[in-house]
Amino acid sequence: MKHIINLEVANTIGVVARVTGMFTARGFNIESISAGRASMEDGSANVTLVVRGDDWVIEQVTKQLNKLIDVIRVSDVTESDFVGRELLLIKINCPPAKRTEVSMITNIFRAKVVDISNRSMTFELTGIDAKITAFIETLRPYGIKEISRSGTIAMVRDSQYKS
Amino acid sequence: MTGAELIINGLQKEGVRAVFGYPGGAVLDIFDRLYEARVPFYLTRHEQGAAHAADGYARVSGEVGVCLATSGPGATNLATGLATASMDSIPLVAITGQVATHLIGNDAFQEVDIIGISRSITKHNFLVRDVNELGKVFRSAFYIARSGRPGPVLIDVPKDVQQAKTQLPYPGDVNIPGYKPTIKGHSQQMRKVAGLIAHAQRPVIFAGGGVISSGASDELMQLSEKIQAPVTTSLMGLGAFPEVHPLALKMLGMHGTEYANYAIQEADLLIAIGARFDDRVTGKVDKFAPKAQIIHIDIDPTSIRKNVEVTAPLVGDVRNVLIDLLKEVKPMRHDAWLEQIDDWKSKHPLRYQQNHHISPGQIIEQVANLTKHQAIIATEVGQHQMWTAQLYNFLTPRSFLSSGGLGTMGYGFPAAIGAQVAQPDRTVVLIAGDGSIQMNIQELATVATYQLPLKIIIVNNQSLGMVRQWQAIFYNRRFSNTCLRRRSDCPKECDGDQNGCPKYIPDFCQLAEAYGIPGLRGDKPEQVRPTLEKALTTSGPVLVEFIIDAEENVFPMVPAGAAIDQMIRGMA
Ligand SMILES: Cc1ncc(C[n+]2csc(CCOP(=O)(O)OP(=O)(O)O)c2C)c(N)n1
C-alpha cells in the first residue's frame, strides 16, 4: 500500500542524501520525495516521502528514518485525514487553431495557463496524484513536450470535514 | 583558541586516554598540537590499523575509541574500520582532516568526500565548515557514539577550520533534537513479558553483544538463575555469561553447539536480549525457534521485527530493562527441561580429534588453561576464530574481541593492540590465521615500538581455511585460490599438500625477529604446551606459530540456508 510520510529534519548539509541513502542501503523504494525549508527560525526543513510497501516495509522505513540523527520527527499521515497535493507543470503541442479545444479540457481540471506560444501551451495544475495523472492522460493525444511533477506534499487536517 | 587546540581540548574533556592514528598534510595542525599535549598518541603503520585499534580499545574499556587520519587516502583507509565498528555497535570517534573549505569540491589534492563515503558505515557523521561549530560537533559526536546503540561517528575537519580561531569554549551539554534514545522499557510491555515468562516451560535466553555494551552481565545471570532459563550467546555475546555455568549453552548458530541449537528449536519461549538475529545465528529464518514465542529486548527499535517476528518487543537499555524485569518475575523451576538439555550436552559435546598433527582444539584449550580463561582474546576471521569461540570458555564480558558482523580479516591484530593499550596489565592474546594476520601484518612495528606485551598466536594451516572448508564441503574439493603456498606452476588439482611447496611463506618467526620480536614455532602436539608456556611467561611481545593440517575443519556446522538443528557433525 502507498504511504505518505512527513519528516521534520534538521536543515543540515546532506540531510536529503541521508534520507535517500537509507532507502538505497536498505533496499526500499521511494516513489516520490519533495523537500523544502519549513521554518525560518530553527532551521528545520520538511520532507514528504511517498513510499509503497507492505506493513513490514513501512514499519522498518519509519523506524530507520527515526534512527537518522538529523531526522527530528517522522509521521506517517496515511491513516489520518490529510490533504495531499502535487504540483504539475506540463507543456503540450498546441498550434493556435487548437487553443479553444484545449482550453475546454483544461478548464474542466481548473488548470492555469502559464505560457503560450505559436506551437505550445504550458499549464499549471495542483491536486491529488490521481487528478494529475488523469490530466496528463487527457492531454497526451496532443503531444506532450515536457512534464515536471513535484511529488506529493501532505498535511493532516484538524477539521472534521473533507473537501 | 584555534580549531586544532579545541580538538585537543575536547579530547581531554571527553576523557580520552588514547588516540590511534597516522599523520598527513590535512591534519598537520592537529599533530602539531599533539606534540606537547598530554593525550597519549599511538602511531600505527596503517590507518586501518588505527581504526581497529581504537575499536579494540573501546571493546575492552567500554570507553569511546578515537582514531585520527589525514584527508583522502588516510580517510578511505579508515573505512573498513568504521564499517566493522558499525556492524558490531562499537563506540568510535574518527577524526579526519579535509582540504580547506574553499577547495572542497575541486578535486583538490587528497580530497575525498568522506562524508558521502562513510554515511552508511557510521552512526552519524559531521563536516565542520565553521570553527564556531567545532566544539558543539565534537561534543555531539562523543555523545552520539557512546549513547543509545553505540556506533562510530566521523568528524571531517577542513584544514582552515583547524587553523581558524574561536572564542567559544568547549560546550557542556548539547541538545540534539532528532536523537533521543529510549532507555527505559515500557511498563505495560514489561508486564506482558513477565507474563510470558511466568507461563513458559522451556525457556531459553539468547544473549547478544548488547548485554556486554550495556554492562548487564550480572543482571543476565540473575535473570537466568531466577527463572532457570539456560543461556546461549551469539559470537558478539561471548563472555556475557560464564560459559562454564551449568545453565550455559555456549554459542548458537552456524558453528554453535548442538545443544544450544536443539534448545532453541525446542524452546517454547525465547528471550532475546541485545541481539539482532543475524543470519549466521538463525540459519533458515522461518525454521528458527519454530515452537517459541519470542521476547526481544533491545535498545534499537529497528532491530525489532527486522529479521524475525516477535511476540513481545521491549525497547530500552538492556541493563535498565533487566533491572525492572527482575522485579516483575517470580522464581521458577524447569527441572524436566534442564534435564533434557543436560542430556543433549552429554550426548553431543563439542569435541575435537587428536592425531599426530597439532589439532587446533588443543591449541585453544591450552591457551585457555594457561591463562585460566582470564585473558583478553582477540581473533581474526576464519576457522581459528570459530575454534576460539567454541573452545576458550569465556568467563567475563569485554574479554573476547572479534569482528562479528562484518567478518573483517585484518581486524584482530590491531584490535589486540588497542586492547593491550587499554589494559596494559592484562594478558592479551591474539589468535590469528596465517591469511588474516597478513592483512595488517605491518602493525608488528607498532607492537615493537611501543613494546606492547601482546602474545600473537598464528594457527597456520597454510591456507584460507574457512573458505577452503566451504570448497571442501560444498564445491567438490575444487580449491580455487585458497592455498597460500600456491605458485604459478602448481598443478591445478593440487589439494595443497605436495612436495616442493615452499616451507613457509612467509616465515613468520623470521618476520617477527625482523621487528625485534621473538618468534617461536611448534609443529608437534607435544610442543604446544611448552611453547605457549614460554610465550606467556616472556615479558614482552612474542609471536608463536603452530603448524596444523589444512584438512582441519570447523564442526559442527549448519550449512547456509538450513535450519539450525540440521548440523553437519564432521569426522569427530
Ligand atoms: C577482508 C576479508 N576478505 C575476505 C574474507 C573472506 N574470508 C573469510 S574467512 C577467510 C579465510 C581466512 O583465512 P585465515 O586467516 O588463514 O584463517 P583460517 O580460516 O585458515 O583459520 C576468508 C578469505 C574476509 N572475511 N575478510
Side-chain angles (χ1 to χ4, degrees), chain A residues 1 3 5-30 33 35-49 51 53-76 79, chain B residues 83 86-87 89 98 101 104-105 113-130 133 136-137 140-141 143-145 147-149 151-156 158 174-182 276 285 298-310 313 315:
Chain A
M1 159 173 181
H3 283 248
I5 299 173
N6 269 345
L7 308 180
E8 182 187 342
V9 300
N11 197 2
T12 52
I13 310 155
V15 61
V16 173
R18 284 185 206 280
V19 170
T20 54
M22 185 284 285
F23 278 82
T24 33
R26 304 253 166 209
F28 304 128
N29 292 313
I30 303 178
I33 176 167
R37 200 163 82 183
S39 116
M40 300 311 272
E41 63 283 6
D42 64 357
S44 71
N46 76 292
V47 175
T48 305
L49 298 163
V51 183
D54 58 19
D55 290 353
W56 180 84
V57 168
I58 299 300
E59 180 182 332
Q60 271 297 315
V61 163
T62 313
K63 286 175 171 178
Q64 294 289 356
L65 287 168
N66 257 311
K67 191 168 162 176
L68 297 174
I69 312 268
D70 282 343
V71 171
I72 300 165
R73 210 181 324 279
V74 180
S75 34
D76 183 344
E79 299 295 312
Chain B
S86 182
M87 287 289 260
S89 310
Q98 180 56 281
T101 37
I104 290 180
D113 171 21
I114 194 63
I115 293 296
I117 290 170
S118 66
R119 192 178 297 123
S120 63
I121 50 173
T122 52
K123 183 170 173 184
H124 195 56
N125 58 21
F126 295 95
L127 169 63
V128 185
R129 286 170 175 264
D130 176 352
E133 297 274 298
K136 194 176 144 216
V137 163
S140 306
Y143 175 62
I144 291 168
S147 59
R149 177 176 176 176
V153 178
L154 181 136
I155 312 172
D156 199 25
V174 284
N175 173 33
I176 310 164
Y179 181 66
K180 302 273 181 280
T182 312
R276 60 185 178 84
V285 73
D298 203 285
I299 194 155
D300 181 359
T302 68
S303 286
I304 289 176
R305 272 196 219 105
K306 187 174 64 184
N307 299 335
V308 297
E309 216 20 78
V310 298
V315 175

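Below, chains carry the letters A, B, ... as their sequence lines are ordered, and counting in each starts from 1. As the structure is a prediction and not an experimental result, all values here were calculated from the model.
Between atom CD1 of residue Ile69(A) and atom OH of residue Tyr143(B) there is a gap of 9.5 Å, rounded to the nearest 0.5 Å.
Residue Asp54(A) qualifies as enclosed at atom CG: its count of foreign heavy atoms under 6.0 Å is above 12.
Within residues 56-63 of chain A, the residues having any heavy atom under 4.5 Å from a heavy atom of chain B are, by residue number, Trp56(A), Glu59(A), Gln60(A), Lys63(A). Contact residues of residues 13-23 of chain A toward chain B are Ile13(A), Ala17(A), Arg18(A) (heavy-atom distance under 4.5 Å).
Both the backbone and the side chain of Asn125(B) come within contact range of chain A, with heavy atoms under 4.5 Å apart. For Arg119(B), the part lying near chain A is the side chain, with the backbone staying farther off; criterion is any non-hydrogen pair under 4.5 Å. For Ile304(B), the parts lying near chain A are the backbone and the side chain together; criterion is any non-hydrogen pair under 4.5 Å.
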